[in-house]
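Excluded from the calculations below are hydrogen atoms, water molecules and symmetry mates; all remaining heavy atoms, backbone and side chain alike, are included. Lettering follows sequence order; numbering is per chain, from 1.
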Amino acid sequence: MAEPTRDSLADVLDEIALLLELKGENPFKIRAYRNGAEVVRSFDGDILQRARDGELKGIKGIGDALQEKLHELASTGHLEFHENLKAEFPEGLFELFDVQGLGPKKVKALYEELKIASLGALKRAAEAGKIATLAGFGKKSEEKILAALAQKERFAGRFLLAEVAPHAERILAELRAHPAVSRAEVAGSYRRAKETVHDLDFLVATRKPAELTAHFAALDGIEEVIAHGDTKASIRLENGLQCDLRAISNAEWPFALMYFSGSKEHNVSLRQRALKQDLTLNEYHLAPVDGATRDDPTGKIKDEAGIYRELGLAYVDPALRENRGEIEAAESGDLPVLLEQENLRGTFHNHTTESDGRSTLAEMAAAARGLGFAYLGISDHSKSSFQANGLDEERLAAQVAAIAALNEDFDGFRLFAGTEVDILKDGSLDFADDVLATLDYCVASVHASFSMPEKEMTKRIIRAMENPHVTMMGHLTGRLLLRREPYPVNHDKIIDCAAETNTIIELNCSSKRMDMDWRWWHRARDKGVRCSINPDAHHVDHLQALHFGVRVARKGWLRREDVLNTLPLDEVSRWLQTPKDRRA
DNA sequence: GCCGTTTTCGGCCCGACTGTTTTCAGTCG
C-alpha cells in the first residue's frame with residue numbers, strides 16, 4: 001500500500017462510513033466516521049505525524065475508537081477493521097452510489113436480491129426489466145436508473161466555477177425580472193466560490209411560490225425537468241448542469257439564503273450553536289426550541305448578518321463558510337478583511353503569441369490597460385516546453401527589448417519582462433542564472449515528468465524555489481480540474497520553504513487550475529507566504545479569470561496585504577528590484 | 001462512535017419531493 005497521507009486517512013474513514021451504511025449500521029456511528037474524516041482533512045497541524053505517534057487525544061470529533069484506527073492506519077498503512085469490512089462487498093458496488101437516486105438502502109437491495117455489483121450489471125438488469133420487480137422499486141425507478149446512467153455517461157457531473165457563471169447570471173436575471181419576485185440569489189457552492197460545482201441552487205423570495213417554480217421549469221435551454229413541486233423545482237440544462245430552485249417568503253429570506261448557501265458543515269455547526277441558546281435554526285426561522293421560555297428573534301432578523309449577530313457571531317462571508325475555523329474566528333472577532341477585486345493593480349504570468357498565447361504583446365498590454373491595471377507581467381514559456389513553442393535565450397532577449405521599447409511609450413503603466421521557466425527533472429531551471437538576472441521577475445513551473453513520488457517532486461520544487469532569481473512558483477500541483485489529478489507534493493514543506501526563501505506562491509486562477517488549492521492558503525498566509533493571483537492568460541479574454549481568482553483567494557482567507565499584485569506600480573517595482581533575501 | 005456548566009447514558013439537524021405505497025421509506029441537499 002502507498003505511503004499514507006492526510007487525504008488517504010480521511011478517505012478510509014469515509015469509505016468505512018459508506019460500508020457501515022451498506023450494512024445498515026447505526027446512522028450516528030456512520031456520521032461519526034464522516035465527521036472524523038472531515039476533521040482529519042481540515043485539522044490545522046500535522047495530523048499524520050500525530051496519528052503515527054498516537055498523539056490524537058483532545059481533538060474534537062476523534063474519540064478513542066477513531067484515535068486507535070487512525071494510529072493503526074498512519075503507522076502501518078492499513079486498517080484491519082477497514083479491510084474486513086471491504087471484504088464483505090464486491091469492489092464494483094461503490095460505483096453504484098454515483099447513480100442519482102441510489103443510496104445505501106437501494107444499493108444493498110440491488111446487490112442482495114439481484115447480485116448487481118457494477119454499473120454494467122445495473123444497466124443490463126434495468127434494460128431487462130428486472131429492477132421493477134424488486135420490493136420498493138417500480139417501473140418509474142427503473143426508468144430513472146436508466147436515465148441517470150445515460151446522464152452519467154454524457155456528463156462528468158461537475159462543472160468549473162467559471163464555466164457555470166454565465167448560466168448562473170442568466171437564470172438569476174430571469175428570476176429577478178419576474179414581477180412576483182422581491183429577491184433572488186444564487187446560493188450553494190457557487191456562492192461559496194468552490195472551484196467546481198455540482199449544481200446551481202437558486203433562491204427566490206416571493207408571495208407566489210408555485211408561479212415561480214412553474215416559471216423556472218419553463219425556462220429556455222432546459223433539457224429535462226427533474227422535479228417540480230409548489231415550492232421547489234429541479235431542472236437540467238442542455239449542458240447537463242442541474243439547477244434547483246427554492247421559493248420562499250420574504251420573511252424567510254435570510255434563513256433560507258444561509259441554509260442553501262451552506263456548507264452543510266457550517267450549517268450544522270451553527271445549528272448546534274443555536275441549540276446551546278435554546279434556539280433551533282432551519283431554512284425558515286431561528287426560533288426557541290419546544291418548551292423554551294425565551295423570546296423568538298425570528299421577526300427582527302432581516303438579513304444573514306442578523307442571524308450571526310443573534311448567535312453572538314460576526315458576519316461570515318459566504319466564501320469562508322466551510323467549517324474550517326470561521327465560526328471560531330467570528331466569535332473572537334478574528335475574521336480577516338478579505339481581498340476585493342478592485343484591490344488588484346496588475347497581474348503576472350501571462351503569455352503572448354511569442355510562445356503559445358493567442359494575443360500579441362501589444363494586445364495583452366492594451367487589454368490590461370483597458371482593465372485599469374498599472375502593470376502586466378509577461379512570462380512566456382522557456383525552451384524545454386517545445387510543445388508550447390518556448391523561447392530560447394535569443395528570443396527571450398528580443399522579447400525583453402520589445403517590452404522595453406513598448407514601456408517607453410507608456411505613462412502610468414508598465415510591462416514587466418519575465419519568463420515561465422521550466423523546472424527540470426532535477427530541480428534545476430531551463431535558463432541559467434545570468435539569463436534570469438536580465439529579467440524583472442521569474443515564474444518557475446513544472447511542465448514535464450509529472451509522475452514522480454511525492455518526496456522527489458517536493459525536493460525538485462524546493463530546489464527551484466531556493467534559486468535567488470525565482471520570484472514565484474507557478475501552478476504548484478499541475479492539476480487540471482475534472483481532467484488531471486495533481487501530482488503529489490508535500491504542501492507543508494513547500495509552504496515552509498516559500499516562507500524561508502521569500503518565494504511567492506501563485507494562485508493560478510485559470511478556471512481549470514485554481515492552483516495552489518484554496519484549502520492551503522490560510523496556513524500559508526499565517527506563515528507569511530505571499531500570493532500572486534495570476535490568470536495564466538493565453539488570450540486577452542483570459543484576464544477575466546482574475547474575477548474568479550479573487551473569489552477563490554477570499555475562500556483561502558486572503559487579505560489585500562497577502563497578495564503581491566495589489567501593490568501599486570512604484571511599490572511592486574521596488575519590491576522586484578530588491579534582492580530576494582531582503583524582501584519583506 | 002462522539003460528547004457533556006442540566007448528562008458517563010441518551011441524545012445526536014431537518015424539511016421537500018418522489019415513488020411505491022395506502023401511511024411511509026429512501027434520497028437529497
Side-chain angles (χ1 to χ4, degrees), chain A residues 13 16-17 20-22 24-39 56-70 81 96-110 131-145 147-148 187-190 192 197-203 209-210 213 217 225-234 242-248 252 255-256 258-287 289 291-292 323:
Chain A
L13 295 186
I16 290 173
L20 293 177
E21 259 183 334
L22 273 175
E25 262 280 7
N26 173 0
F28 298 107
K29 185 194 270 198
I30 292 159
R31 186 187 298 172
Y33 277 97
R34 290 243 156 79
N35 182 50
E38 210 36 54
V39 170
L56 293 169
K57 233 180 181 42
I59 299 176
K60 203 160 176 293
I62 310 286
D64 292 340
L66 261 63
Q67 283 179 42
E68 268 182 40
K69 291 190 171 72
L70 286 170
F81 176 72
L96 297 189
F97 285 93
D98 295 334
V99 178
Q100 188 158 48
L102 293 188
K105 298 282 162 55
K106 292 198 163 169
V107 168
K108 190 175 185 218
L110 289 167
I131 287 175
T133 65
L134 282 184
F137 292 78
K139 199 70 209 153
K140 270 270 175 68
S141 324
E142 194 167 81
E143 283 166 16
K144 284 217 152 186
I145 285 173
S189 51
Y190 181 80
R192 299 201 315 278
V197 301
H198 173 251
D199 59 12
L200 290 175
D201 297 298
F202 293 91
L203 189 65
T213 55
V225 176
I226 300 167
H228 177 188
D230 283 345
T231 63
K232 186 177 164 176
S234 291
Q242 182 175 331
C243 300
D244 299 334
L245 175 76
R246 287 292 289 248
I248 45 97
E252 293 160 347
F255 309 101
M258 170 177 278
Y259 182 88
F260 291 109
S261 293
S263 68
K264 198 172 145 199
E265 291 75 18
H266 180 85
N267 288 348
V268 166
S269 244
L270 287 182
R271 279 209 199 98
Q272 287 167 347
R273 190 178 172 89
L275 282 173
K276 288 187 188 146
Q277 298 178 33
D278 273 352
L279 292 167
T280 168
L281 177 64
N282 62 21
E283 60 259 61
Y284 304 117
H285 58 228
L286 175 64
V289 295
N323 200 30

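The residue A:Pro104 sits close only to the backbone: its heavy atoms come under 4.0 Å of sugar-phosphate atoms, none of a base. Nucleic acid contact for A:Lys69: sugar-phosphate only, since backbone atoms but no base atoms lie under 4.0 Å from a heavy atom of the residue.
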Could you run down the sub-3.5 Å N/O contacts of the protein with nucleotides 22-24 of chain B?
none

Table of protein N/O atoms under 3.5 Å from nucleotides 3-6 of chain B N/O atoms:
unit_1, atom_1, unit_2, atom_2, d
B:dC3, OP1, A:Gly61, N, 2.3

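Every residue two or more places apart in sequence or in another chain was checked for a salt bridge (Lys or Arg N to Asp or Glu O under 4.0 Å) with A:Arg31, and none qualifies. Residues satisfying the side-chain contact (heavy atoms from CB on, under 4.5 Å) criterion with A:Glu68, sequence neighbours excluded, are absent altogether. Every side-chain hydrogen bond (donor to acceptor under 3.5 Å, both in side chains) that A:Glu21 has, sequence neighbours left out, goes to A:Arg34. Scanning for side-chain contact (heavy atoms from CB on, under 4.5 Å) contacts around A:Ile248 gives A:Leu203, A:Ala205, A:Glu252, A:Trp253, A:Ala256, A:Tyr284, with sequence neighbours left out. In this structure, the side-chain contact (heavy atoms from CB on, under 4.5 Å) partners of A:Ala37, at least two apart in sequence or on a different chain, are A:Ala10, A:Leu13, A:Asp14, A:Arg41. Among residues two or more places apart in sequence or in another chain, the side-chain contact (heavy atoms from CB on, under 4.5 Å) test is passed with A:Lys106 by A:Leu102, A:Phe137. For A:Glu143, there are no side-chain hydrogen bond (donor to acceptor under 3.5 Å, both in side chains) partners, not counting sequence neighbours. For A:Lys108, there are no side-chain hydrogen bond (donor to acceptor under 3.5 Å, both in side chains) partners, not counting sequence neighbours.
With both ends at atom C1', the span from B:dG26 to B:dT20 equals 11 Å, rounded to whole Å.
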Side-chain donor-acceptor contacts of residues 262-271 of chain A below 3.5 Å, not counting sequence neighbours, with atom names and distances?
unit_1, atom_1, unit_2, atom_2, d
A:Ser263, OG, A:Glu265, N, 3.4
A:Ser263, OG, A:Glu265, OE1, 3.4
A:Ser263, OG, A:His266, N, 3.2
A:Ser263, OG, A:Arg321, O, 3.0
A:His266, ND1, A:Glu326, OE2, 2.7
A:His266, NE2, A:Tyr308, OH, 2.9
A:Asn267, ND2, A:Tyr259, O, 2.9
A:Ser269, OG, A:Asn323, OD1, 3.2
A:Arg271, NE, A:Leu281, O, 2.8

Letter by letter from the 5' end, nucleotides 11-21 of chain B scores (B base, S sugar-phosphate only, - none; protein heavy atoms under 4.0 Å) -BBBSSSSSSS

